[in-house]
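Bear in mind the structure is a predicted one, so any value in this text is a computation, not a measurement.
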Protein chains: 2
Amino acid sequence: MPTRARTVTIKHVAAEAGVSLQTVSRVINDGPNVRDAVKERVREAITRLGYVPSIAARRMGGSRSYLLLALNDRDRTIEGWRSGDGTDWVDQMLLGGMLECAEHDYRMIFELVDTHSAHVEREISSALSALHPDGVILTPPHGDNPEITELLTSKGIPFARIGSTGEGPGFAISMDDSRAAAAATEHLLGLGHHRIGFITGSEEYALSAARLDGYRAAVRAGGAVERPDLVAPGDFTFASGLAATRRLLALPEPPTAILASSDQMALAALEVARGAGLDVPGDLSIVSFDDTPIVKFSAPSLTAIRQPIAAMTARAAELLIRATTGEAVGDEPSVLPFDLIVRGSTAPPRR
Amino acid sequence: MPTRARTVTIKHVAAEAGVSLQTVSRVINDGPNVRDAVKERVREAITRLGYVPSIAARRMGGSRSYLLLALNDRDRTIEGWRSGDGTDWVDQMLLGGMLECAEHDYRMIFELVDTHSAHVEREISSALSALHPDGVILTPPHGDNPEITELLTSKGIPFARIGSTGEGPGFAISMDDSRAAAAATEHLLGLGHHRIGFITGSEEYALSAARLDGYRAAVRAGGAVERPDLVAPGDFTFASGLAATRRLLALPEPPTAILASSDQMALAALEVARGAGLDVPGDLSIVSFDDTPIVKFSAPSLTAIRQPIAAMTARAAELLIRATTGEAVGDEPSVLPFDLIVRGSTAPPRR
DNA sequence: CTGTTAGCGCCTTCAC
DNA sequence: GTGAAGGCGCTAACAG
């Protein structure tokens, strides 16, 4: 009968290195007060035995949990997955978050929470009680939900708000949505457009207002037409994009370019334009506010603002881990750079 | 000064319900030997206090960890995320796996592992030691890597192999790749094609062989042309798809239809065809073997086999959880249904 | 610098 | 049916 493959614990390492259990603990936690020689001996024992501390036991010991919890909006996320519309928000989050966590020997656990639900608080409390994460990453619109931020604050759990710029507690991490919208608008102005339509995002997202502001500022600065009816309300969805675009194109003097606050709405604009017999970009230029995979594959492919989702999530993870480690971390908002990717959907207006 | 928001533990619940700590444990674990009245009382206390057991403490107590570990291929996954080519494998996995886990009060932790690396074993051992998951979900090609399956087996950790059909240990969960390839081929035969090209997947994946078999069987059964040069090697990548397609189209008697083992290769086939001045589907029909978002947005959109990734992952999670619970679970391979989605890239051949 | 002593929150085993 | 010990692997606090 083969030897039972028992788990290697700190005790085994201690015995192997001929030191106390506590010394081993000090070594793996980079604690002070261990002679280099001993440290070395312990390290060798660790390698030899292939010892890896149990995350659960570590937590129990009263230290960190080495876990970060990332919270996304349930409905929107599941809807995105179900529809298979190619949004890669989650992938980019994982890319940035997981890799950063891995660097620090942390794990990121991804979870879905319904912002609107009456029991947001209960849902999140449960997750916190069960997991005891060292930090929480909030993505839009959670970062702007006071129920959530207050809960976290009261529990004393560090958190980061992605896509959220408000002052408040927690690390605010965003790209400059206002500047991005302005940059997109300037791109259109530079091409010679004067009537530029704008489709807003859901009001629930703070960044929607920021984008609108940026658009307005650029329009004004560029001396283009400022008219309220050039701004049509949307909520990021394809359907809302259809409605908004129809509305814009039905104006007596319709815009020659449209800036949409999401990829789905931009795609919708493209569809409406096509249905109306308009050539894109000849008759109508379109700019998308997400550079998700699909906008590269539409015909024409869309000029788009690219959000640094991976970078924002990585930053969030980094800040949270540093905060937990006790490192001094400034709480100035992090504003990460965006990209304007010019593709085939924008060109000078015909008239 | 506000009351310090201490964590609610099983002790508090016990006190609140006026029972022993142990009785509470019995209730939350559906243990036997608790009077309904008491059980009720405890449940109420739990609700009132908002108690949720700590996953870490549970593990330490010697029971389950309520964690499932999902292992993906590192390079391929990161490459997919970086390129933003719209593959939604990971999303579909999360959709199926996380939701199923949530049902059972489990968590799925997603991790990347390099199959080729010399230290696969070490990497995985570390993750296991740190997390102590109750089960592991292996995605291609990990499920076919004996180093990994043997390690898991020797450690006695239940695991599921997605996209893997081999006998071996662990739950085999797959779609019928062979049947799917046959179905796609039959679809083309039905349209009147006689020379059907096939681009294989990487040999490292067991399913690549299965697909080839299905194609061959259907070609033979359909009385179509069986020729070795109608089969071109690929490795799932766009680049390999370009090469394979050029090779097929350069044949003296080129195929009138191509079945590609991945979306990227199908897209590559489309590009080569276009570059060669061929009309798709007029001159060349193309079928993709992944129904990722982008193949819906190509022009024309691609007819494709849709893998039930979410369903497979959900099944994996379910089986693993049941196995841990001690429920009897058969170990017959699970074969889940696929779909053939007919779109604009397939039509009868012109000649 | 290093070892010893208490727990962390829960579950298992054994009494009652 | 229920409760009382004991310990899981680790770390914090305190000795030496």
Fill in: Which residues share a salt bridge (charged side-chain N to carboxylate O under 4.0 Å, His left out) with A:E167, sequence neighbours left out
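Checked A:E167 against salt bridge (charged side-chain N to carboxylate O under 4.0 Å, His left out); zero matches.
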Discussion item. Please enumerate all residues that pass salt bridge (charged side-chain N to carboxylate O under 4.0 Å, His left out) together with B:R35, with sequence neighbours excluded.
Written reply: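 Salt bridge (charged side-chain N to carboxylate O under 4.0 Å, His left out) check on B:R35 returns nothing, list empty.
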Contacts under 3.5 angstrom, residues 123-132 of chain B side chains, donor-acceptor by atom type, not counting sequence neighbours:
residue	atom	partner	partner atom	Å
B:E123	OE2	B:R74	NH1	3.2
B:S125	OG	B:E121	O	3.0
B:S126	OG	B:R122	O	3.0
B:S129	OG	B:S125	O	2.9
B:H132	NE2	B:S129	O	2.9

Pairs of donor and acceptor atoms involving the side chains of residues 45-61 of chain A, under 3.5 Å and at least two apart or interchain, shall be tabulated with distances.
residue	atom	partner	partner atom	Å
A:T47	OG1	A:R43	O	2.8
A:R48	NH1	A:E16	OE2	2.3
A:S54	OG	A:A56	N	3.3
A:S54	OG	A:A57	N	3.2
A:R58	NH2	A:N29	OD1	2.9
A:R58	NH2	A:Y66	OH	3.1

By side chain to side chain contact (heavy atoms under 4.5 Å, CB included) - contacts of [X] (at least two apart):
{"X": "A:P169", "value": "A:T153, A:F159"}
{"X": "A:R315", "value": "A:I173, A:E318, A:L319, A:S334, A:L336"}
{"X": "B:D144", "value": "B:S164, B:A206"}
{"X": "B:N145", "value": "B:T115, B:E147, B:I148"}

Practice prompt. Could you state the atom-to-atom distance from CG of B:N33 to P of D:dG1 in whole Å?
Written response: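 Rounded to whole Å, this separation is 6 Å.
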Worksheet item: Taking CD1 from A:I55 and P from D:dT11, how many angstroms apart are they, rounded to a whole number?
Response: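 Distance check: A:I55 CD1 to D:dT11 P gives 12 Å.
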Worksheet entry | Residues from residues 16-29 of chain B lying under 4.0 Å of DNA chain D - heavy atoms |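 Result for residues 16-29 of chain B: B:V19, B:S20, B:Q22, B:T23, B:R26, sorted by number.
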Practice prompt. For residues 16-46 of chain A, pull every pair meeting ring pair (Phe, Tyr, Trp, His ring centres under 6.0 Å), keeping only residues two or more places apart or in separate chains.
Written response: none
Worksheet, complete the sentence: Applying the Watson-Crick and G-U criteria (both distances under 3.5 angstrom) with [ ] for crossing and | for other-strand pairs, one obtains for DNA chain C ||||||||||||||||
Worksheet item: Run the side chain to side chain contact (heavy atoms under 4.5 Å, CB included) check on B:S174 and B:I162 step by step: do they pass?
Response: CA-CA 6 Å; B:S174 59; B:I162 290 186; over 6 Å; no
Which pairs, protein N/O on one side and nucleotides 7-9 of chain D N/O on the other, fall under 3.5 Å?
residue	atom	partner	partner atom	Å
D:dC8	O2	B:M60	O	2.1
D:dC8	O2	B:G61	N	3.4
D:dG9	N2	A:A57	O	3.4
D:dG9	N2	A:G61	N	3.4

